[in-house]
Amino acid sequence: MGSNMAECHPVAFRWPLKARTEHDAVLMHVDPRFTRTSAACDLHVPIRAGSDIAFLGAIINHVINSKRWNEDPFFREYVVNYTNAATLVNPEYKDTEELGGVFSGLAPNGKSYANASWSYQRNPAPPKGKAGLGPFSDLLLQQVPGRPKTDPTLEDPQCVFQIIKKHFARYTPDLVGRVCGCTPEQFLKVADTMLNNSGRDKTSNITYAVGWTQHTVGVQIIRAAAMLQALLGNIGRPGGGVLALRGHATIQGSTDIATLYHSLPAYLNMPDGRKNHETLKDFILTEGGPAATSYWGNYPKFAVSYFKAQYGAAATAENDYGYNYHPRITGDHSHMPMMLDMAAGKIKGFFVMGQNPAVGGQNARLQRKALAKLDWMVVRDYFETETAAFWRNSPEVISGELKPAEIKTEVFFLPAAAVAEMEGSFTNTQRLLQQHDKAADPPGDARSDSWFTYRLGKLLKEMYRDSPLDIDWGVKNLAWDYDPEAKEVAPWRIKDEPSAYRVLKEINGYTVADQKPLPTFANLKEDGSTACGAWIYTGVIPEEGKNNAARRKPDDWISPNWGFAWPANRHIMYNRASADREGKPWSEAKKLIYWDPAADSGTKDPAGNPVKGKWVAPSGEGIDFQPTKAPGFIGKDAALGFDWLSGNDAFIMRPDGKASLFVPAGLVDGPLPTHYEPYESPVKNPVYQQQVNPVAKVWQVNGNSYHAVADPKFPIVVSTYRVTEHHLSGTMSRWLPWLAELMPELFCEISPELAAEKGIKNAEYVTIQTARGEIQARALVTRRMKPFTIDGRKVHEIGIPWHWGWQGNAAGDVANDLSAMVGDPNVSIHEGKVFTCDIRAGRKGGRI
Amino acid sequence: MKLSRRKFLKVTSGVVGGGVAAELGLLGVNTAAAAAKAGKVPIKTGRQVPSICPYCAVGCGQIVTVSDAGEIVDIQGNPDSPISQGTLCPKGAATFQLVKNEQRWTTVKYRAPGSDRWEEKPLDWAMHRIAELTKKTRDAHFNEFQELPDGKDGTVKKRVMNTYALASLGGATMDNEWNYLHQKLMHGLGVVYLENQARI
Ligand code: SF4
């Protein structure tokens, strides 16, 4: 669901096809459009864009009320031991069922939630634990709350399981028919296939892509899938899980080593002026505290080691490791508000590297006009992107709305090196780091991205070298030495590329005293004796000179010696759940890791006798659990991290060690997924009185108008998407003659029914219009698109790929001129997968 | 159905261009002749350098072939890769044209404020100018403290150590090492408008 894998991740799609051919796997595609993925699946179920939660919620309802789920002891054992189904929730909690579609805690203005009523019921806090763990850990330990209360019979009306049961009770096959537009029979086929192919001997997988993220309820759609998989016992087991198909070579890496406003590397939160983050201690207690009973109990070590990597020798215990000089965020500084602030003239200088917001950004017209407000902009790319050329020939310049002579933006274009022309690593969608070697120097003045940032940093550090000011301390003391060794650059013309190895070694972490790489994150310290850029990558450089990302020994299953999967070469996260409560594999067919009571643990008891028992994985898979913790181990109450977690707490990154069917804290839009309509929708919400996600991010500003619910001017649903032959805004594809020729022109997929209504003929031009903009495209009239009947009304849906812009060998209108800036409240991702529009035959006025 | 599926797998596990062939295969076109021909295309020889496809996050393996003169002459699928087993989709298979492309710009271009044209500039000049602008912008718009909501309808002066005048937007086909260096420098400078493609 939410993915067109055959076209957008074609080589990965070989694997499900192989599973079908060789192992009789059943492939099902639930998607608004019939695509090549649908063609290769056993079943395609069309659902209206934006109705995924209704569909998934109904599967959950169907599963937990089914005979099989209630009678096969597997499901109950998995769910009681590995999820929070048994946990009791605060009696103050009120569900959407009671409050017309919203949860308890909604602020009077309806724009935000307070989550206190979503919390767990807990036993009294333990007596304060023994100190001596470390300066920050000792304080964290004082905050450890009492264990959550549970009812393993799952009968208490306040237990998570009963809450879920009530929450989804109205998500019936008939409701799916009304909301999603498929038949109840089609729905039941999918639900039963999932149910019947999950259990002790079988697992089912759900794969998604941006078809799920690009919604105002994106996080909750994925949550719904994760809940279903947890209820079906499909997490932490081979063949199970929820697989995100991400779209870029190292989009995973750029999330892990975040160049994202809200995050420090390795999922530490960014210091935030709005929170209690005054000192490093405040930061650690605020951010590490709530999760201290999970592996996040090591937050002090991760945080201190990050600051040590950032400021090197200048970071000391006395100056809070430089924490005071580190920037704080103060609001949402993500892509969309960034561009709006730019349009408002707040941002003066802009680095655009390998991105093309003039085409790829939502409401792209508004984003292009924002560029004209800058004092200066640096673009680094291979070709003259639309962003680089906005001042010269953008649609706004052609129309006269912007005049080059009046655009004051000073623009630099710096040519970039191609991947084959530099050394570095990518992290793919499976969290696998893979090294690419340098094959040749880049041509002319083209340089790697790392070269640019390294060189800029060197120049700036030189400029700030003698500054006595506090505000310059951070840049002045930035640890910035990645000069290559002579042998690294000996074969090359360009001698001042930074050493990719030295950078990766710092990411991996090392001991400050002897600069030796750390083999595992278990070696990190909170006393400043270790430096580590991103703890989750520790182990990629386990010893000096060895780079696990460059391992290239494949095998025919997990391939543990191919690249490096973070964390610690664990390919399947939470794989403790691949064994039962006692540590035995659930079945021979689904064996992955298990407890071997006879194996030598390598440790000794206080009397000096060898201790027996450890977790083993014949495949070489990394064990995502404490390696010698017995399945029956009972966690200590006054403890942090692994010491608190018990032998069946498989979900080691969760504060209660359990998969969160219900999320007591961490989401801003509710503890459970709920069907809301997309922000722009042709129909009223058939499920609740509440129309849209009440806390969705909206920006009511000039040039970003929204369409009303069931707006008669914009009655048609539109999705934007990608094709196999192009990449994103087209910078890496529309300039390549081969790809430009394969997919030369922008088109719009239209059902024959809609074409007939609007007098549109196949291959002729159509104009698509929203309150934001207007574009033209060739009509592709196809039975792959079908109108839906939603709540008794006919709803048309069209599809437009968004790869085109006015530059390059294959030029076309910018599909994102149509979309609006509106976003998911948790992660600020836009809703490009569903908004409304109108369409008419013929080209757009005034332009040939 | 079974037979055509098997044929599909065979075609896709062959040489580069598998994706296109696969789609044709799915549409019922007989690609056997094309596949057989593709198999006979002589593979260019030279030093072979392992690489990774620069496009999507599947992470298919590539082999970059370099001539004796040090030129990249070919980019193909890496048969050793357990992810892709030598196959590439149309984008991956076209990577060579991304590297060797007449339209690729290899010098610095500069557009002065209000100008209607690009000018060519030396790299070193551009780097110094960019560094100067960065410093100037940062120094003119740096916030050591800011009044922020105190959660009780009032405000409180908080240390923020940031600048809202600089912004950075990166792609997501750029090395982990770059991401690390760039977040480090941006955090060193106090930049908080720091974003990349992953948000999209
Ligand atoms: S070859 Fe295609 S599927 Fe493989 S990584 Fe490249 S773009 Fe993705």
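Within every chain, numbering begins at 1; the chains are lettered A, B, ... in the order of the sequence lines, protein sequences first and strands thereafter. For clarity, every value in this text was computed on a predicted model and none was experimentally measured.
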Carboxylate-amine/guanidinium contact [X] [Y], below 4.0 Å:
X	Y	answer
A:Glu384	B:Arg111	no
A:Asp472	B:Arg138	yes
A:Asp445	B:Lys121	no

What part of A:Leu245 gets closer than 4.5 Å to chain B, counting heavy atoms only: side chain, backbone, both or neither?
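Neither; nothing under 4.5 Å.
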Engaged part of A:Met336 at the chain B interface, taking heavy atoms whose separation is under 4.5 Å:
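Contact with chain B: none, neither part.
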Can you say whether the rings of A:His326 and B:His187 are parallel (under 30°), tilted (30 to 60°) or perpendicular (over 60°)?
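Ring orientation, 0 to 90° scale: tilted.
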Where on [X] is there a heavy atom nearer than 4.5 Å to chain A: the side chain, the backbone, both, or neither?
X	result
B:Asn101	side chain
B:Val49	side chain
B:Val66	side chain
B:Leu148	side chain
B:Gln62	neither
B:Asn78	side chain
B:Val108	both

Distance in Å, B:Lys184 NZ paired with A:Ile257 CD1, rounded so as to fall on 0.5 Å steps
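Answer for the NZ-CD1 pair, B:Lys184 versus A:Ile257, is 12.0 Å.
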Run through A:Met339, A:Met338, A:Met342 and flag the one making a side-chain contact (heavy atoms from CB on, under 4.5 Å) with B:Tyr193.
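Testing each of A:Met339, A:Met338, A:Met342 against B:Tyr193, the sole residue satisfying side-chain contact (heavy atoms from CB on, under 4.5 Å) is A:Met338.
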Quick one: which of B:Thr163, B:Thr137, B:Leu166 gives a side-chain contact (heavy atoms from CB on, under 4.5 Å) with A:Lys348?
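In the set B:Thr163, B:Thr137, B:Leu166, the residue that makes a side-chain contact (heavy atoms from CB on, under 4.5 Å) with A:Lys348 is B:Thr137.
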Kindly say whether the aromatic ring centers of B:Trp105 and A:Phe413 come within a distance under 6.0 Å.
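Centroid distance B:Trp105-A:Phe413: below 6.0 Å, so yes.
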Let's go through B:Ile52 and A:Gln435 carefully: what are the C-alpha distance in whole Å and the side-chain angles of both, what is the deciding distance for side-chain contact (heavy atoms from CB on, under 4.5 Å) to 0.1 Å, and is it a yes or a no?
CA-CA 7 Å; B:Ile52 303 297; A:Gln435 175 84 1; over 6 Å; no
Could you pull out the closest heavy-atom pair between A:Ala446 and B:Arg104, with the gap in Å?
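For A:Ala446 and B:Arg104, the tightest heavy-atom pair comes out as CB-NH2, 4.1 Å.
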If you look at every heavy atom in B:Pro90 and A:Glu725, which pair is closest and at what distance?
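Heavy atoms only, the tightest pair is CB-CG, 4.4 Å.
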Scan for ring pair (Phe, Tyr, Trp, His ring centres under 6.0 Å) pairs involving residues 131-166 of chain B, sequence neighbours excluded, and state none if there are none.
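Found A:His333-B:Tyr164.
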Less than 3.5 Å apart, any donor N or O on the side chain of [X] or [Y] sitting next to an acceptor on the other?
X	Y	value
B:Glu177	A:Ser425	yes
A:Thr453	B:His182	yes
A:Glu410	B:Tyr110	yes

Measure the shortest side-chain to side-chain distance between B:Leu169 and A:Pro357 over non-hydrogen atoms and say whether it is less than 4.5 angstrom.
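SC-SC contact between B:Leu169 and A:Pro357 confirmed.
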May I ask you to establish whether B:Lys135 and A:Tyr464 are in a cation-pi arrangement, using a distance under 6.0 Å from NZ or CZ to the six-membered ring centre and at most 45° from the ring axis?
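Satisfied, under 6.0 Å and within 45°.
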Go through it in stages, so that I can follow the logic: the residues are B:Asn176 and A:Tyr537, the test is side-chain contact (heavy atoms from CB on, under 4.5 Å), and I'd like the CA-CA distance, side-chain angles, deciding distance and then a yes or no.
CA-CA 11 Å; B:Asn176 294 333; A:Tyr537 280 23; 4.0 Å; yes
